> 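One structure, pasted below without further comment.
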Amino acid sequence: MAIGALLGSALLAVPVTAHATAAPASAPASASPAAVPAKAVGLDDPAKKDIAMQIVSSAENSSLDWKAQYKYIEDIDDGRGYTAGIIGFCSGTGDMLDLVEYYTDVKPGNVLAKYLPALRKVDGTDSHSGLDPNFTKDWAKAAQDTEFKKAQDHERDRVYFNPAVNQGKSDGVGTLGQFMYYDAIVMHGNGGDSTSFRNIRKRALSKAKPPAQGGNETTWLNAFLDARVWAMKQEEAHSDTSRVDTAQRVFLKKGNLNLNTPLDWKVYGDSFHIG
């Protein structure tokens, strides 16, 4: 979204559960599987990915129901034109254009295809020229199409989710760290400007090292969040840092590096819970 975007219909809100197997009566207590920590999973685990989408939706849409956001579209007056869909694709930042182009490749003649010339012209601006008055209605109409939902999922993964998770794994951070990367790339994009994800990470590198470079994970993630907060405060539209202060920082302080449920957090004063 860079507000600065596979699951789709295939994604199920998989409950996060633990399965313990009783040890044989003859086995020593130390051999009980319950004494062995569960292997950590990454943010690309289906259950964790659904949690990530819910947390991002709590900040972007004040709701945990991220699947209701395919049809969402409005101009939030942040200088990026229309913001829409499950990840906040913007008409002014290029990712909405990429989405509609991909959708049109998959389904030529769709209801949004006719807006491609206008989307190319408004890219980089907050203009609605060539989009009003019916673009928002047609977006909502397109959101009833399974192919459009799949297209949103595809672009979210290609542009935002996969790069964040891959960088997180490369840095040796767990599920929480991968989520922090994802939320940052959603808001700031991954371009060359000083507040982009890659430069937030670069700023953090001047203060700490990620686990893959021998650093402590908690220390590294605190440095990353410090750099993220700095980036957010550079722009009025992002200056409320509660999605870091009363959400991600809360999980980190609790040592919840695997983003295990239950989770309780606040964004913009609203309380949320995932059991």
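The structure displayed is predicted, hence computed values, not measured ones.
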> Return the orientation label for the Phe148 and Tyr103 ring planes: parallel under 30°, perpendicular over 60°, tilted otherwise.
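Taking Tyr103 first and then Phe148, their aromatic rings sit tilted (interplane angle of 30° to 60°).
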> Consider only side-chain N and O atoms of Ser63 and Asp65, and report whether a donor and an acceptor are under 3.5 Å apart.
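There is no such pair (donor and acceptor under 3.5 Å, judged by atom type) between the side chains of Ser63 and Asp65.
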> Taking the side chain from Asp75 and the backbone from Asp77, do they hold a donor-acceptor pair closer than 3.5 Å?
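Answer holds: yes.
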> When you measure from the side chain of Asn166 to the backbone of Asn162, do you find a donor-acceptor pair of N or O atoms at a distance under 3.5 Å?
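Yes.
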> Do the side-chain N and O atoms of Trp265 and Thr246 include a donor-acceptor pair separated by under 3.5 angstrom?
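Not at all, the side chains of Trp265 and Thr246 share no donor-acceptor pair under 3.5 Å.
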> In terms of the angle between their ring planes, are Phe224 and Trp220 parallel, tilted or perpendicular, with boundaries placed at 30° and 60°?
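Tilted.
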> When you compare the side chains of Asn260 and Lys48, does any donor N or O come within less than 3.5 Å of an acceptor on the partner?
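A donor-acceptor contact under 3.5 Å links the two side chains.
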> Donor-acceptor check, side chain of Asp183 to backbone of Phe179, threshold 3.5 angstrom: yes or no?
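Flag not set: sc Asp183 to bb Phe179 has no pair under 3.5 Å.
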> Would you say that more than 12 heavy atoms from the other residues, nucleotides or ligands in this model lie under 6.0 Å from the NZ of Lys141, or not?
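For Lys141, atom NZ is not crowded (no more than 12 foreign heavy atoms under 6.0 Å).
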> Applying a strict under-4.5 Å side-chain criterion to I, L, V, M, F, W and Y, I'd like to know whether Tyr102 and Leu97 cluster together.
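No, Tyr102 does not connect to Leu97 through the hydrophobic network.
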> I'd like to check Gln152 versus Leu99 (side-chain heavy atoms, cut-off strictly below 4.5 Å). Are they in contact?
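They are in contact (side-chain heavy atoms under 4.5 Å apart), so the answer is yes.
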> Using side-chain contact (heavy atoms from CB on, under 4.5 Å), reason through Leu176 and Asn258 one step at a time and then give a plain yes or no.
CA-CA 5 Å; Leu176 175 60; Asn258 289 326; over 6 Å; no
> Can you find a side-chain donor-acceptor pair between Tyr72 and Asn61 that sits under 3.5 Å?
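No, no side-chain donor-acceptor pair sits under 3.5 Å.
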> Looking only at side chains, do Ser271 and Asp264 share a donor and an acceptor under 3.5 Å apart?
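No pair is found: no donor N or O on one side chain lies under 3.5 Å from an acceptor on the other.
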> Is Lys49 positioned over the aromatic face of Phe161, cation under 6.0 angstrom from the ring centre and no more than 45 degrees off axis?
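Ring-cation test returns yes.
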> State yes or no: do Trp230 and Leu221 share one hydrophobic cluster built from I, L, V, M, F, W and Y residues joined by side-chain heavy-atom distances below 4.5 Å, directly or via other members?
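No, Trp230 and Leu221 fall in different hydrophobic clusters.
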> Going by atom types alone, do Tyr82 and Asp126 pair a side-chain donor with an acceptor below 3.5 Å?
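No, Asp126 and Tyr82 have no side-chain donor paired with an acceptor closer than 3.5 Å.
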> Considering non-hydrogen atoms only, spot the tightest contact between Ala143 and Lys71 and give its length.
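In terms of heavy atoms, the two residues are closest at CB-CA, 3.5 Å.
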> Just do the salt bridge (Lys or Arg N to Asp or Glu O under 4.0 Å) check on Lys266 and Asp245 with the steps written out, would you?
CA-CA 9 Å; Lys266 293 183 179 180; Asp245 303 333; over 6 Å; no
> Under a 3.5 Å distance rule, please check whether Ser57 uses its side chain to pair with a backbone N or O of Gln54 as donor and acceptor.
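No, because the side chain of Ser57 does not come within donor-acceptor range (under 3.5 Å) of the backbone of Gln54.
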> Taking Asn216 for its side chain and Thr219 for its backbone only, find out whether a donor-acceptor pair lies under 3.5 Å.
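It does hold such a pair.
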> Under 4.5 Å between side-chain heavy atoms, hopping through other hydrophobics if needed: is there a path connecting Val229 to Tyr268?
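Cluster IDs for Val229 and Tyr268 match.
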> Under 3.5 Å, is there a donor-acceptor pair between the side chain of Asp98 and the main chain of Glu155?
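Answer holds: no.
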